[in-house]
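Let me begin by presenting the structure, written as structure tokens, before commenting on it.
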Amino acid sequence: MDLSLFNTLPADLAAAAVRPAVDVDRWVDAIVAGRPYADRDALLATARQQPAFTPSELDAALAHHPRIGERPEGNSAEAELSRTEQASIGVGQETETARRLAAGNADYEQRFQRVFLIRAAGRSAEDILAQLERRLTQDRAAEAAEAAEQLAQIALLRLEGIVTP
Ligand SMILES: NC(=O)NC1=NC(=O)NC1=O
């Protein structure tokens, strides 16, 4: 939708419109409360200024997040966004990279008890695999902070697609 519509929607509809960006109430409420935005840069600046996601917000947002390399199922707005974001990875390929991604996802979930999250847009499967293998070596606090930053990047990219100038 365009910014002028977003600025004038009732708050509950505005919240529903941006929730696919990231399903964290505190973030959605702040974006809606910042209206009316003079322009889209002001909207994106508000998103960038939000405090980092806490580990519990991360876990809530990841509860229904598809794994990297697995085809996001369903016809929700989030699933559609995930499919677009993961398009460059070539889901379902029987390549060595795909096999190592699946193994890395399993290792990651075993170690950190959440789905591995990375901003996939603009990244190759090989780059994502390198990031996954690097992040598997991090301690829990560092990894939670990095995953939170990736979630913020995904939220910002999605918000840019949801609210057009
Ligand atoms: N597990 C994930 O990292 N998933 C995703 N990253 C994205 O950028 N889109 C996704 O669906």
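Whatever order the structure lists them in is the order used to number ligands and atoms, beginning at 1. Residue numbers start at 1 and run along the sequence shown.
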*Atoms of ligand 1 less than 4.0 Å from V115 heavy atoms?*
1 (N)

*Which residue holds the protein heavy atom closest to atom 6 (N) of ligand 1, what is that atom called, and what is the gap in Å?*
I118 O, 2.8 Å

*asked:* Using a 4.0 Å cutoff against the non-hydrogen atoms of I68, which atoms of ligand 1 qualify?
replied: 1 (N), 2 (C), 3 (O)

*Looking only at distance, does R67 have an N or O less than 3.5 Å from an N or O of ligand 1?*
no

*For ligand 1, find out whether one of its N or O atoms is nearer than 3.5 Å to an N or O atom of F116.*
yes

_Tell me whether R119 has any N or O atom under 3.5 angstrom from an N or O of ligand 1._
no

_Closest protein heavy atom to atom 11 (O) of ligand 1, given as residue, atom name and distance to 0.1 Å_ = S82 OG, 2.7 Å

*Backbone or side-chain N or O of A121 under 3.5 Å from ligand 1 N or O*: no

_Residue, atom name and distance, where the atom is the protein heavy atom closest to atom 10 (C) of ligand 1_ = H65 NE2, 3.4 Å

*Check whether any side-chain N or O of Q86 sits under 3.5 Å from a backbone N or O of G69 as a donor-acceptor pair, and report yes or no.*
yes

_For atom 8 (O) of ligand 1, the protein heavy atom that lies nearest, with its residue and separation_ = A120 N, 2.9 Å

_Can you tell me which residue among R123, R119, R158 is in a salt bridge (Lys or Arg N to Asp or Glu O under 4.0 Å) with E85?_
R158

_Among all the protein's non-hydrogen atoms, which is closest to atom 9 (N) of ligand 1, and how far away is it?_
E85 OE1, 2.6 Å

*Check against side-chain contact (heavy atoms from CB on, under 4.5 Å), E109 and F116*: CA-CA 7 Å; E109 289 172 39; F116 169 69; over 6 Å; no

*asked:* Quick one: does any side-chain atom of Q50 pair with a main-chain N or O of T46 as donor and acceptor, under 3.5 Å?
replied: yes

*So which bit of Q86 gets within less than 4.0 Å of ligand 1, heavy atoms only: side chain, backbone, both or neither?*
side chain

*For I154, is at least one N or O under 3.5 Å away from an N or O on ligand 1?*
no

*For residues Y37 and I31, determine if any side-chain heavy atom of one lies less than 4.5 Å from a side-chain heavy atom of the other.*
yes

*Less than 4.5 Å apart, any side-chain heavy atom of E78 and any of L81?*
no

*Strictly under 4.0 Å, does any heavy atom of P66 approach an atom of ligand 1?*
yes

*Within 45° of the ring axis of F6 and under 6.0 Å from its six-membered ring centre, is that where the NZ or CZ of R35 lies?*
yes

*Is F112 close to R135 at the side-chain level, that is, under 4.5 Å between some pair of heavy atoms?*
no

_Check this for me: does any side-chain nitrogen of one of E143 and R140 sit under 4.0 Å from a carboxylate oxygen of the other?_
no

